[in-house]
Amino acid sequence: MKNHKKIFITAALTGAVHTPSMSPYLPVTTQQLIDEAARAYEAGAAVVHLHTRNQATGEPDASLDLMRETVAGIHRRCDVICCVTTGASQMMTLEERLAPIPALQPELASCNAGSMNFVLADIAKKIPDGFGWEKPYLTGTRGNIFANTYNGLEQYVRTMNENGTRPEFEVYDVGMINNIAYFIREGLVKTPPYLQFVLGITGGLPATVANVNFLYETACKQLGEFHWSVAAAGKHQMPMAATALALGGNVRVGLEDNLYITPGVLAQSSGEQVAAVRNMAHIMGLEVATPAEVRKLLELKGSDRVKV
């Protein structure tokens with residue numbers, strides 16, 4: 001892949017990793033998510049990555065009504081691209097995770113590119129259990145496998161293809177690139193694919209410069225042309241963002257991945273992190289792409305064809 005002068009920023013607003021006891025700024029309600037999406041867009045994000053939560057307790061909740069209300073509200077508020085998750089919780093069934101795609105037909109949706117140990121248990125040691133579900137949810141990941149089998153991957157991608165939704169392949173380890181290459185050879189994945197390298201999760205690839213470069217070089221050999229971005233957990237967020245920009249990639253930040261803006265200081269919005277990456281890009285002589293430019297780059301169908 002050649003370096004490009006324009007990069008784009010994704011903001012992952014809430015996720016299924018952090019819990020409300022960890023930060024008062026983590027968005028929980030539909031309105032909070034809509035407001036956060038607008039702040040991220042105004043700061044320079046072209047894409048927002050969306051999970052939804054129980055509005056009373058903050059527990060991960062993949063209700064179609066919540067996702068529909070969130071996407072519709074964001075579309076009314078701003079032109080940002082909505083990337084709907086199919087990884088709402090590793091405790092959910094394939095059918096529950098996939099349900100938003102035929103229902104909403106989003107422009108973009110995440111697609112976890114392989115099975116893994118996705119362990120959040122150590123976080124439970126550091127927090128109070130303010131809502132009762134948090135510690136059991138986090139510690140339960142120690143005995144669970146985040147299953148994304150070949151049968152499952154095929155069903156995800158076929159469903160996205162049928163609904164005009166572009167997969168954003170979340171890649172947590174290098175073997176997942178081989179999975180994507182397999183489905184390209186099978187004629188199921190359209191090229192060039194879009195990859196989101198996610199580093200620093202316990203059970204996945206550590207967040208290091210060498211590993212970003214390893215993923216990038218492996219993808220070059222296995223896939224040829226591709227679009228790519230980097231996300232990283234916790235304190236690794238900004239160093240890995242800088243690495244991605246230096247290598248010609250794009251960047252994902254947001255409170256899903258990291259609750260802080262600087263060490264020890266909680267970010268009050270994902271927009272603060274987006275603004276930091278935008279400034280970093282400008283210092284490096286890179287321009288930040290608009291949603292319209294990203295829609296053209298990724299060949300997305302446009303928000304007017306989303307069913308909300």
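- Summarising the geometry of Val71 relative to Leu50, their closest heavy-atom pair is CG2-CD1, 3.8 Å, with the distance given to 0.1 Å.
- Under a hydrophobic-cluster definition in which Ile, Leu, Val, Met, Phe, Trp and Tyr are linked whenever side-chain heavy atoms come within less than 4.5 Å, directly or via other members, Met176 and Leu188 are assigned to the same cluster.
- Side-chain contact between Pro102 and Thr159 is present, with at least one heavy-atom pair separated by less than 4.5 Å.
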Contacts table for residues 197-211: side-chain donor-acceptor under 3.5 angstrom, sequence neighbours left out:
{"from": "Thr208", "atom 1": "OG1", "to": "Asn211", "atom 2": "N", "distance (Å)": "3.0"}
{"from": "Thr208", "atom 1": "OG1", "to": "Asn211", "atom 2": "ND2", "distance (Å)": "3.2"}
{"from": "Asn211", "atom 1": "ND2", "to": "Pro206", "atom 2": "O", "distance (Å)": "3.0"}

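- For CZ of Phe214, the number of neighbouring non-hydrogen atoms (other residues, nucleotides, ligands) closer than 6.0 Å is 12 at most.
- Under the side chain to side chain donor-acceptor pair (under 3.5 Å) test applied with Thr14, the options Glu256, His49, Gln32, Arg53 reduce to a single match, Arg53.
- Across every non-hydrogen atom of Val47 and Cys83, the tightest pair is CG1-CB, 3.8 Å.
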Distance-only check: which donor-acceptor pairs under 3.5 Å involve side-chain atoms of residues 294-308, not counting sequence neighbours?
{"from": "Arg295", "atom 1": "NE", "to": "Glu107", "atom 2": "OE1", "distance (Å)": "2.8"}
{"from": "Arg295", "atom 1": "NE", "to": "Glu107", "atom 2": "OE2", "distance (Å)": "3.4"}
{"from": "Arg295", "atom 1": "NH1", "to": "Asp79", "atom 2": "O", "distance (Å)": "3.3"}
{"from": "Arg295", "atom 1": "NH1", "to": "Asp79", "atom 2": "OD1", "distance (Å)": "3.3"}
{"from": "Arg295", "atom 1": "NH1", "to": "Asp79", "atom 2": "OD2", "distance (Å)": "3.2"}
{"from": "Arg295", "atom 1": "NH2", "to": "Asp79", "atom 2": "O", "distance (Å)": "3.2"}
{"from": "Arg295", "atom 1": "NH2", "to": "Glu107", "atom 2": "OE2", "distance (Å)": "3.1"}
{"from": "Lys301", "atom 1": "NZ", "to": "Gln105", "atom 2": "O", "distance (Å)": "2.8"}
{"from": "Lys301", "atom 1": "NZ", "to": "Asn163", "atom 2": "O", "distance (Å)": "2.8"}

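- Considering OG1 of Thr139 and CG of Asp122, their distance stands at 11.0 Å, rounded to 0.5 Å.
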- Item | Derivation of the side-chain contact (heavy atoms from CB on, under 4.5 Å) call for Val253 and Asn258 | CA-CA 8 Å; Val253 289; Asn258 176 29; over 6 Å; no
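- Going from atom OG1 of Thr165 over to atom CG of Leu108 covers 8.5 Å, rounded to the nearest 0.5 Å.
- With hydrogens and angles disregarded, no donor-acceptor distance shorter than 3.5 Å links the side chain of Gln222 to the backbone of Asn178.
- Using a 4.5 Å cut-off on side-chain heavy atoms (C-beta onward), Asn117 and Arg142 make no contact.
- To the nearest 0.5 Å, the span separating CG on Leu245 from CE on Met280 amounts to 6.5 Å.
- Residues Glu186 and Glu154 form no side-chain contact, since every pair of their non-hydrogen atoms from C-beta on lies 4.5 Å or further apart.
- A donor-acceptor distance shorter than 3.5 angstrom exists from the side chain of His18 to the backbone of Leu255, with no hydrogens or angles considered.
- With a 4.5 Å cut-off on side-chain heavy atoms, Val157 and Cys111 count as touching.
- Looking only at atom types and distance, the side chain of Gln155 has no donor-acceptor partner in the side chain of Asn151 under 3.5 Å away.
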- Query: Checking side-chain contact (heavy atoms from CB on, under 4.5 Å) for the pair Gln237/Tyr260: CA distance, chi angles, key distance, verdict?
  - Reply: CA-CA 9 Å; Gln237 184 181 71; Tyr260 295 85; over 6 Å; no
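- Ala46 approaches Ala289 most closely through the heavy-atom pair CB-O, 4.0 Å.
- Here Leu66 sits alone; no ILVMFWY side chain lies under 4.5 Å from its own, so it joins no hydrophobic cluster.
- Here the rule is side chain to side chain donor-acceptor pair (under 3.5 Å) with Gln196, and of Glu170, Glu168, Arg252 only Glu168 fits it.
- For the pair Thr52 (side chain) and Asp61 (backbone), a donor-acceptor distance under 3.5 Å is present.
- Residues Phe118 and Asn112 are not in side-chain contact: their nearest non-hydrogen atoms beyond the backbone lie 4.5 Å or more apart.
- What you find for Glu36 and Arg39 is that their closest heavy atoms are OE2-NE, 3.0 Å.
- Thr86 is listed as a side-chain neighbour of Met160, based on a closest heavy-atom distance under 4.5 Å.
- By the 4.5 Å heavy-atom criterion applied to side chains, Val189 and Pro167 are not counted as neighbours.
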- Starting from the C-alpha separation in whole Å, work towards a yes-or-no answer on side-chain contact (heavy atoms from CB on, under 4.5 Å) for Val265 and Glu272. CA-CA 12 Å; Val265 178; Glu272 291 184 24; over 6 Å; no
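- Atom CD1 of Ile177 and atom CG of Leu195 lie 6.0 Å apart (nearest 0.5 Å).
- Rounding to the nearest 0.5 Å gives a distance of 10.0 Å between CD of Glu69 and CG of Leu33.
- In this structure, Leu94 is not a member of the same hydrophobic cluster as Met67, with clusters built from ILVMFWY side-chain heavy atoms closer than 4.5 Å.
- In this structure, Ile74 CD1 and Ile81 CD1 are separated by 12.5 Å, a value rounded to the nearest 0.5 Å.
- Counting heavy-atom neighbours within 6.0 Å of Ile145 CD1, excluding the residue itself, gives a total of 12 or less.
- Relative ring orientation between Tyr194 and His227 is described as perpendicular, the plane-to-plane angle rising above 60° on a 0-90° scale split at 30° and 60°.
- Within the 4.5 Å cutoff, the side chain of Val230 has no heavy atoms near those of the Thr243 side chain.
- Hydrophobic clustering, with ILVMFWY side chains joined whenever heavy atoms are under 4.5 angstrom apart, keeps Ile261 apart from Val48.
- Checking side-chain atoms of Thr141 against main-chain N and O of Leu138 turns up a donor-acceptor pair under 3.5 Å.
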- Item | Ile9 vs Arg278, side-chain contact (heavy atoms from CB on, under 4.5 Å): CA-CA, chis, key distance, verdict | CA-CA 8 Å; Ile9 305 169; Arg278 181 197 63 207; 4.2 Å; yes
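- Proximity of a side-chain donor or acceptor of Asn54 to a complementary backbone N or O of Glu59 within less than 3.5 Å is not detected.
- Of the possible polar contacts, none joining the Asn148 side chain to the Ala113 backbone as a donor-acceptor pair under 3.5 Å is found.
- In the hydrophobic clustering of ILVMFWY residues, with side-chain heavy atoms under 4.5 Å counting as a link, Met240 and Val174 come out together.
- Residues Trp228 and Gly248 share a closest heavy-atom pair of CZ2-C, 3.9 Å.
- With ring centers used as reference points, Phe146 lies 6.0 Å or more from Tyr172.
- Cluster membership for Leu64 and Ile34, using ILVMFWY side-chain heavy atoms within less than 4.5 angstrom, is not shared.
- When every heavy atom of Val80 is checked against every heavy atom of Ala45, the shortest pair comes out as CG2-O, 3.8 Å.
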